[in-house]
Amino acid sequence: MNPILITGATGFLGRHLAFRLVSLGHQVTALGRNAEVGQQLQTAGAQFYPVDLLDAAKLVQCTQGVEYVFHCAALSSPWGNYQKFYQ
């Protein structure tokens, strides 16, 4: 099946998408910040990388050979530093 990259794969939306796509037989690369959920994704069959989305070089490396990207990462909070949200 098609290689897929999911950002925010340890959050609510990205995690459920990753599990579903793996169950359908897709090759999934999952990026996220939660190592515990990342381990669950690896156990299910995804490749997990704890990558900061501000690390452009690492993102380019992770997208090699990927056909589809699902961008599910977000800073989700009702308040916070403007620069953090902008980044």
Side-chain angles (χ1 to χ4, degrees):
M1 287 276 193
N2 300 328
I4 296 169
L5 174 75
I6 302 172
T7 66
T10 59
F12 181 80
L13 179 63
R15 175 182 52 203
H16 288 283
L17 177 61
F19 282 127
R20 178 67 173 150
L21 291 173
V22 167
S23 76
L24 292 173
H26 290 280
Q27 178 184 337
V28 174
T29 299
L31 308 182
R33 295 183 292 193
N34 185 322
E36 184 178 326
V37 175
Q39 181 60 47
Q40 294 170 6
L41 290 168
Q42 282 188 307
T43 299
Q47 290 183 323
F48 174 71
Y49 298 103
V51 175
D52 186 332
L53 295 184
L54 296 177
D55 186 344
K58 194 65 109 170
L59 285 176
V60 168
Q61 183 182 9
C62 289
T63 59
Q64 298 303 306
V66 170
E67 287 192 39
Y68 300 101
V69 175
F70 289 91
H71 180 47
C72 301
L75 180 58
S76 57
S77 174
W79 63 85
N81 180 291
Y82 175 79
Q83 281 297 65
K84 295 278 186 192
F85 281 98
Y86 186 76
Q87 290 173 336

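Fair warning: this is a prediction, and the values are worked out from it, not measured in the lab.
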Colleague: Calculate, to the nearest 0.5 Å, the distance between atoms CG and SG belonging to L13 and C72 respectively.
Modeller: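 SG of C72 is found 4.0 Å from CG of L13.
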
Colleague: Tell me whether F19 shares a hydrophobic cluster with I6, the cluster being built from Ile, Leu, Val, Met, Phe, Trp, Tyr side chains joined at under 4.5 Å.
Modeller: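 No; tracing contacts between hydrophobic side chains, which count when under 4.5 Å, never links both residues.
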
Colleague: What's the shortest heavy-atom distance between S23 and R20, and which atoms?
Modeller: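 Heavy atoms of S23 and R20 come nearest at OG-O, 2.7 Å.
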
Colleague: Starting at CG of L41, measure out to OG1 of T29 and round the result to the nearest 0.5 Å.
Modeller: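 One gets 11.0 Å once the value is rounded to the nearest 0.5 Å.
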
Colleague: Answer whether the closest heavy-atom distance between the side chains of I4 and F70 falls below 4.5 Å.
Modeller: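 In contact.
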
Colleague: Linking Ile, Leu, Val, Met, Phe, Trp and Tyr by side-chain heavy atoms under 4.5 Å, what else ends up with L59?
Modeller: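 Its cluster mates, by chain and number, are L5, L31, Y49, V51, L53, V66, V69.
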
Colleague: Under the rule for side-chain hydrogen bond (donor to acceptor under 3.5 Å, both in side chains), what residues qualify as partners of H16, not counting sequence neighbours?
Modeller: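 In terms of side-chain hydrogen bond (donor to acceptor under 3.5 Å, both in side chains), with neighbours along the sequence ignored, H16 is linked to no residue.
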
Colleague: Taking side chain as C-beta onward, heavy atoms only, is H26 less than 4.5 Å from Y68?
Modeller: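 No, side chains not in contact.
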
Colleague: Heavy-atom distance under 4.5 Å between the side chains of T10 and F48, does that happen here?
Modeller: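 A side-chain contact exists here, since the closest heavy-atom pair is under 4.5 Å.
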
Colleague: What are the two closest non-hydrogen atoms of P3 and G65, and how far apart are they?
Modeller: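 Here P3 and G65 meet closest at CG-O, 3.3 Å.
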
Colleague: If you count the non-hydrogen atoms of other residues, nucleotides and ligands that lie under 6.0 Å from CD in Q64, is the total more than 12?
Modeller: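 Enclosed.
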
